[in-house]
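Order of the sequence lines sets the chain letters (A, B, ...), proteins ahead of strands, with each chain counted from 1.
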Amino acid sequence: MTSSAPRVRVRFAPSPTGYLHVGGARTAIFNWLFAKHMGGDFLLRIEDTDQTRYDEKALVELMADLKWLGLQWVEGPEVGGPHAPYFQSQRLPMYQAAAKTLVAGGHAYPCFCTTERMDELRETQKRNNLPTCYDRRCRTLPPETAQERIAAGEKYTIRLKVPFQGNTVFKDFLRGTIDYQNRILDDMVLLKTDGFPTYHLANVVDDHDMRITHVMRGDEWIPSTPRHVIMYNAFGWEPPTFVHLPVILSPDGGKLSKRKGAASVGDYRDLGYLPETMVNFLSLLGWAPGDDQEFMEMDKLVELFNIEKINAKSAVFDEKKLEWLNGQYFLRRSVEYFLPLVKPMWAAAGIDPNAFSDDYFRTAISLLKDRSKRLPDFVAYGMYFFREPETFDEKSSKKHFGPGSEKLLNTLREALESAPDFETGTLETLYKATAESLGIKGGDLIHPTRLAVSGLPFGPGLFELMHALGREAVVRRLRFAADAIANGQVRTAVTA
RNA sequence: GUUCCCAUCGUCUAGUGGCCUAGGACAGCGCCCUUUCACGGCGCCGACAGGGGUUCGACUCCCCUUGGGAACGCCA
């Protein structure tokens, strides 16, 4: 960074009205990565200027989700900072003063039009296929008249006075020059009748006050930007660099929504995705380092992240690839990493966590993690470590629990009962010898054993599995399965 | 209706005028490894939306068309 360039300062500015959507999370990630990469600051600012939609719970969850993703802010709620407060609802005097300045400078004016009149106006315009836009009725009100009406206690808003002529041009970092004719921009509300600012005023005032250098936000803000630029000019402030991020779409082309499955960060956490996976995956939606790297840990992302390479094209969220990436993290994360994550899940599934040692949990995890894609897989495909299987995979039962299987399982059981020890090597040798003496293939022994011991047609290497389970459990399960086959009472289940 | 944005395999993308017979990844398919499932390896399938320019030369630059998306609130 050259000494003349100001320190990079970016913000994530959500409104606490709901859960953290993956699109919002991606915006936060890009801001965070950019700040880290540039050695700058990442701030969190809460845009709570809509009193009717404020939701305390949403705020708490929002911050928890950001922290879960590892996106800590250096200024904002909880941590404070030189530009506190970071809640817009606590900065009202600033916005009111700013609005006053604009009115005094002839860049804004009080408007006495009611919501009812605005609704009617819009209705009429829509009906006549006209662009919907405020008709500027109060714009020409003499200042004295306006003052009288205000003094009389009439409710009013402050509107931006957009020039009739000329164009407002600004530069979007990703798209280049964007040009709007001023005549199609309407005079938007800056200050509401309740004295609260709208997003437009608040965001301009705060971004300036907080010395924000780059505004990275969703591209739904592009149409509002020229009006923001008009305000920056009216204040005599230098506008920040605008980086409008494309949206994230669902596989059907529309917006990602709860209705179509998962849409929030919390949804994906509940589905068993790791925060690293989410950050890695989301950072790849609309950005690529330029080479072929895709698996990138946080520090790698920070090192490589570059806003020049952000794509202006909207991207589709592909859950299949997310799952693959999660599996890549599962492969690389340690057993110790998973222990506190997975143990409670097994407990929730009815396993008494005190009935097994942590070492036993570790063994189960080490045998399962490399073939799992999501956290719930440990439960879905690993319960047999703690509980005897009661049902057996249907397809596999048809194949491996046939006539003669009873005898086979009993033979195996007897051999295992008298095995010198239960080490994997011993077990493998024993199976090989047994197969040979029976004149069959190893698989003909291994598959029925796996099914009897786990109930599933797939899983860890059988000898490691048996070793982990221990002789007693294996023998008991083989006997149970053999008996069930003999009695024709094998209960089957369809495994995913 | 008005305005704005976007456009490479099904999906995420590389590509910034010749390196492109367009590269990688996910998904799908096949083979290999293997006791299974995953992992891994090898291979197959598969794209520059269309039309005009500019240029000796366009995936790359410009225009139009088409398609997709967004905004038009005293919500953000």
Determine: side-chain N/O of [X] to OP1/OP2 of [N], distance under 4.0 Å, yes or no.
X: A:Lys309; N: B:rA14; value: no
X: A:Arg159; N: B:rC74; value: yes
X: A:Arg122; N: B:rG73; value: yes
X: A:Ser15; N: B:rC75; value: no

Check the angle between the aromatic planes of A:Phe30 and A:Phe305 and answer parallel, tilted or perpendicular using the 30° and 60° thresholds.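 Ring orientation of A:Phe30 relative to A:Phe305: tilted.
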
Between the side chains of [Y] and [X], is the shortest nitrogen-to-carboxylate-oxygen separation below 4.0 Å, so that they form an ion pair?
X: A:Arg333; Y: A:Glu297; answer: yes
X: A:Asp209; Y: A:Arg91; answer: yes
X: A:Lys432; Y: A:Glu436; answer: no
X: A:Glu323; Y: A:Lys373; answer: no
X: A:Lys321; Y: A:Asp318; answer: no
X: A:Asp135; Y: A:Arg117; answer: yes
X: A:Glu123; Y: A:Lys126; answer: no

[X] near the nucleic acid: base, sugar-phosphate alone, or nothing, with a heavy-atom cut-off under 4.0 Å?
X: A:Glu47; answer: sugar-phosphate
X: A:Arg53; answer: base
X: A:Thr449; answer: nothing
X: A:Tyr431; answer: nothing
X: A:Cys113; answer: base

A:Phe281 ring center near A:Phe317 ring center (under 6.0 Å):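 Yes, ring centres under 6.0 Å apart.
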
Partner of [N] by Watson-Crick or G-U wobble geometry, both contacts under 3.5 Å, or none?
N: B:rC72; value: B:rG1
N: B:rC19; value: none
N: B:rA47; value: none
N: B:rA38; value: none

Taking atom [atom1] in both [N] and [M], what distance in whole Å separates the two?
N: B:rA70; M: B:rC19; atom1: P; answer: 37 Å
N: B:rU3; M: B:rC64; atom1: P; answer: 13 Å
N: B:rA47; M: B:rC26; atom1: C1'; answer: 16 Å
N: B:rU60; M: B:rA7; atom1: P; answer: 12 Å
N: B:rC5; M: B:rC9; atom1: C1'; answer: 24 Å

Write out all pairs satisfying side-chain hydrogen bond (donor to acceptor under 3.5 Å, both in side chains) with one or both partners inside residues 437-465 of chain A, taking only residues at least two apart or from two chains. A:Tyr431-A:Thr449

Interatomic distance where [atom1] belongs to [X] and [atom2] belongs to [N] [whole Å]:
X: A:Phe196; N: B:rA76; atom1: CZ; atom2: P; result: 10 Å
X: A:Asp119; N: B:rC72; atom1: CG; atom2: C1'; result: 14 Å
X: A:Tyr54; N: B:rC75; atom1: OH; atom2: C1'; result: 16 Å
X: A:Asp206; N: B:rA76; atom1: CG; atom2: P; result: 13 Å
X: A:Asn326; N: B:rC12; atom1: CG; atom2: P; result: 20 Å
X: A:Leu322; N: B:rA25; atom1: CG; atom2: C1'; result: 14 Å
X: A:Met188; N: B:rC75; atom1: CE; atom2: P; result: 13 Å
X: A:Asp48; N: B:rA76; atom1: CG; atom2: P; result: 10 Å

Listed by chain and number, what are the salt bridge (charged side-chain N to carboxylate O under 4.0 Å, His left out) partners of A:Arg122, not counting sequence neighbours? A:Asp119

If we ignore angles and hydrogens, is there a donor and acceptor under 3.5 Å between the side chains of A:Asp50 and A:Tyr199? no

Assess, by modelled atom type and distance only, whether the side chains of A:Arg175 and A:His244 contain a donor and an acceptor separated by less than 3.5 Å. no

Which of the following nucleotides, B:rG73, B:rA76, B:rA27, is nearest to the side chain of A:Asp50? B:rA76

Test side chain to side chain contact (heavy atoms under 4.5 Å, CB included) on A:Trp287 and A:Asn311 and set out the steps. CA-CA 6 Å; A:Trp287 175 81; A:Asn311 236 292; over 6 Å; no

Return the polar atom pairs (N/O with N/O) between nucleotides 33-41 of chain B and the protein under 3.5 Å, or none.
{"residue": "B:rU35", "atom": "O2'", "partner": "A:His447", "partner atom": "NE2", "Å": "2.8"}
{"residue": "B:rU35", "atom": "O2", "partner": "A:Arg450", "partner atom": "NH2", "Å": "3.2"}
{"residue": "B:rU35", "atom": "N3", "partner": "A:Leu462", "partner atom": "N", "Å": "3.3"}
{"residue": "B:rU35", "atom": "O4", "partner": "A:Leu462", "partner atom": "N", "Å": "3.3"}
{"residue": "B:rU36", "atom": "O2'", "partner": "A:Pro457", "partner atom": "O", "Å": "2.8"}
{"residue": "B:rU36", "atom": "O2", "partner": "A:Gly459", "partner atom": "N", "Å": "2.7"}
{"residue": "B:rU36", "atom": "O2", "partner": "A:Gly459", "partner atom": "O", "Å": "3.2"}
{"residue": "B:rU36", "atom": "N3", "partner": "A:Arg450", "partner atom": "NH2", "Å": "3.2"}
{"residue": "B:rU36", "atom": "N3", "partner": "A:Gly459", "partner atom": "O", "Å": "2.6"}
{"residue": "B:rC37", "atom": "O2", "partner": "A:Arg371", "partner atom": "NE", "Å": "2.6"}
{"residue": "B:rC37", "atom": "N3", "partner": "A:Arg371", "partner atom": "NE", "Å": "3.3"}
{"residue": "B:rC37", "atom": "N3", "partner": "A:Arg371", "partner atom": "NH2", "Å": "2.7"}
{"residue": "B:rA38", "atom": "O2'", "partner": "A:Asp370", "partner atom": "O", "Å": "3.3"}
{"residue": "B:rC39", "atom": "OP1", "partner": "A:Lys373", "partner atom": "NZ", "Å": "3.2"}
{"residue": "B:rG40", "atom": "OP1", "partner": "A:Gln328", "partner atom": "NE2", "Å": "3.3"}

So, the side chain of A:Arg159 versus the backbone of A:Asp187: is there a donor-acceptor pair under 3.5 Å, distance only?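 Pair found, side chain donor or acceptor close to backbone of A:Asp187.
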
Nucleotide N/O of nucleotides 7-11 of chain B paired with protein N/O under 3.5 Å:
{"residue": "B:rU8", "atom": "OP2", "partner": "A:Lys313", "partner atom": "NZ", "Å": "2.5"}

Looking at A:Lys255, I want to see if its NZ is surrounded by more than 12 non-hydrogen atoms of other residues, nucleotides or ligands under 6.0 Å.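 Open.
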
Tell me, which of residues 271-291 of chain A have any heavy atom that sits under 4.0 Å from an atom in RNA chain B?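 Contacting residues: A:Leu284, A:Leu285, A:Gly286, A:Ala288, A:Gly290.
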
Return the polar atom pairs (N/O with N/O) between nucleotides 66-71 of chain B and the protein under 3.5 Å, or none.
none

